[in-house]
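Working notes, beginning with the structure itself.
Labels below follow one simple rule: chain letters A, B, ... track the order of the sequence lines, proteins then strands, and each chain is numbered from 1.
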Amino acid sequence: MNNLIRELKWRGMIQDIMPGTEEQLNKEMTTAYVGFDPTADSLHIGSLVPILLLVHLQKAGHKPIALVGGATGMVGDPSGKSEERNMLSLDELQKNITGVRNQLARFLDFSPERTNAAELLNNYDWFSPISFLDFIRDVGKHITVNYMMAKDSVKKRLESENGMSFTEFSYQLVQGYDFYWLHQNWNCKMQMGGSDQWGNIVTGTELIRRKNGGEAFAFTCPLIKKSDGGKFGKTEKGNIWLDPSKTSPFQFYQFWLNASDTDAESWIKIFTFLDETFIETLIAEHRQNPSARLVQKKLAEELTRFVHGQEELDKSIETTQKLFSTSTVSATELSVDDLQNMEGIVKSSFDISRLETGIDILTFLSETKVFESKGAARKMIQNGGVSINRNKVTDPNSLSEKNWLLHGRFVLVQVGKKNYFLIECD
RNA sequence: GGGCAGUUACCAGAGUGGCCAAAUGGGGCGGACUGUAAAUCCGCUGUCUUUCGACUUCGGUGGUUCGAAUCCACCACUGCCCA
């Protein structure tokens, strides 16, 4: 059993830790859990850190429990939210629970022959039989409102103009009860999560202590931020999801590849399992020659493999090379195969005869759905953001030309540096 | 139930009869510089359109007016305080 806490510390994955946690982990195989809220039908990369905590835990010989919040999801966690959230419909919630469950199941080892096999639980299972009256008698009685109001997540909302509903106020009790229940039924002594969960987690340990004098431990990991202060995990296209149908493996790979130098250095420690010496050496090399972006490449590689598998990683690298490494090479050198098999490209079709006769470029771009309208296409061309076959279009009034056609039928349109469209003409 | 404040574009937030498609900031998108970075600078950001112009927007409905985001009436919703 290696020292989990020391390992996580050098990776920068520990924010707060309860006294005695390290001793507990060193003493015996410990069961620990992380909760995941089913706010969407897929997890996004923000949930990756808590997932990794569970994986590290299991690697260190302890028993991980991944908890899907079927019950807590019905209440809504106020932590870090400046206003009351909309409630999800039960249908949506059910769909989300299934989606999240399936994803979590991929990252942990559930083989029953392991003594520390992972478990996947849904807190709805133990909450549904509890009546409201039972709950406020058995749980509510142990925690004072004064205690609950002192929590940061609550205090902030009480001070804001928006207020807070009783539902969200109760959230910490609901989550606290999870910990208590797991402590009773699974001998779960530890909870982990993002640092925004600290308040909720502490309510849980408090409940365990007050209800039956039990001992419980916890630590949290820092919330990931970008060095420029932007939100982590968001891009122009929105969230980076783990579900390949929402964020393609290529886009996923690209996200990590585009990390800034400072971010990449801390992220590679957090998001990969590479060991300390390897990472230190890599960072040193990277600083010698930052333009090679060794850290970003390794980070993108490790993570894409972890989430999507080797095969998808290979495809993503291949597409990346075709789209970016050869960007100085003219488009005519791309083979039919290259064009057709590149991932992360939007494809559409167009009537070849109209193109050959010479059609104005605005009509072409709007009808192929590269742009919503001629006006939008015009603006972007005037801004210098459109290329055809890697040649910048300068005049919005120009006409199409026969020699646009690659291999007699393809046109490669580029908006900005990173958005590619392949128009097949026949 | 009573009193007060409010509802403006993706978000925050100005505007309180015409100069308003609506300040400013953030975000987003594009460009330059670079390394598919960061920082910086520049452009775009209601819709459609050959920059003319047309059309639709300021919680909803109706009204006053030559003219309404702005004034009036009613309705809806939100927050705060009191009961």
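Using a 4.0 Å heavy-atom criterion, one finds that Gln382(A) contacts no nucleic acid atom at all. Within the 4.0 angstrom heavy-atom criterion, no nucleotide atom of any strand lies near Ala292(A). When heavy atoms are screened at a 4.0 angstrom cut-off, Lys297(A) is found touching no nucleic acid atom at all. At a threshold of 4.0 angstrom between heavy atoms, the contacts of Asp261(A) include nucleobase atoms, whether or not backbone atoms are also involved. As judged by a 4.0 angstrom heavy-atom cut-off over every strand, Lys374(A) is placed among residues touching the sugar-phosphate backbone only.
If you take CZ of Phe250(A) and P of U36(B), they are 14 Å apart, rounded to a whole angstrom. Separating the CH2 atom of Trp267(A) from the P atom of A37(B) is a distance of 14 Å, rounded to the nearest angstrom. Atom C1' of nucleotide C42(B) and atom CG of Asn383(A) are separated by 10 Å, given to the nearest angstrom. The interatomic distance linking Glu318(A) (CD) with U36(B) (C1') rounds to 18 Å, in whole Å. Across the protein-nucleic acid pair, Tyr420(A) atom OH and U36(B) atom C1' stand 9 Å apart, rounded to whole Å. Distance Leu299(A) CG to U36(B) C1': 15 Å, rounded to the nearest Å. One can place CD1 of Ile381(A) at 17 Å from P of C44(B), the figure rounded to the nearest angstrom.
Between Thr262(A) and A38(B) there is no side-chain N or O to OP1 or OP2 distance below 4.0 Å. Within the structure, every side-chain polar atom (N or O) of Lys392(A) is placed at least 4.0 Å from both OP1 and OP2 of G30(B). Within the structure, a side-chain polar atom (N or O) of Asn419(A) is placed less than 4.0 Å from OP1 or OP2 of G30(B).
G18(B) and G3(B) have their P atoms separated by 33 Å, with the value rounded to a whole Å. When the P atom is compared between G27(B) and A22(B), the two are found 23 Å apart, to the nearest whole Å.
The closest donor-acceptor contact from the side chain of Asp134(A) to the backbone of Ile130(A) lies at 3.5 Å or more, if one exists at all.
Across all strands shown, G63(B) is found opposite C71(B) as a Watson-Crick or G-U wobble partner, with both distances under 3.5 Å. Nucleotide C41(B) forms a Watson-Crick or G-U wobble pair with G31(B), both donor-acceptor distances falling under 3.5 Å. Look at U78(B): its Watson-Crick or wobble partner, with both distances under 3.5 angstrom, is A5(B). Base pairing of A12(B): its partner is U24(B), meeting the Watson-Crick or G-U wobble criterion (both donor-acceptor distances under 3.5 Å).
Of the charged side-chain nitrogens involved, none lies within less than 4.0 Å of a carboxylate oxygen, so that Lys95(A) and Glu92(A) do not count as a salt-bridged pair. A salt bridge between Glu367(A) and Arg354(A) is present, with a side-chain N of the basic residue lying under 4.0 Å from a carboxylate O of the acidic one.
Geometrically, Arg101(A) does not engage Tyr124(A) in a cation-pi contact defined by less than 6.0 Å to the ring centre and at most 45° from the axis.
Closest contact between the side chain of Arg378(A) and the listed nucleotides U50(B), A37(B), G35(B) involves U50(B). Among the nucleotides G30(B), C44(B), A37(B), the one closest to any side-chain atom of Lys379(A) is C44(B). Closest contact between the side chain of Lys417(A) and the listed nucleotides G35(B), C33(B), U50(B) involves C33(B).
Between Thr320(A) and the choices Lys315(A), Lys297(A), Gln254(A), the side-chain hydrogen bond (donor to acceptor under 3.5 Å, both in side chains) rule is met once, by Gln254(A).
Not a single donor-acceptor pair, N or O on each side, falls under 3.5 Å between the base of U47(B) and the side chain of Glu372(A).
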(request) Report the C-alpha distance between Tyr180(A) and Tyr177(A) in whole Å, list the side-chain angles of each, state the deciding distance to 0.1 Å, and finish with yes or no for ring pair (Phe, Tyr, Trp, His ring centres under 6.0 Å). (result) CA-CA 5 Å; Tyr180(A) 170 79; Tyr177(A) 183 74; 5.7 Å; yes
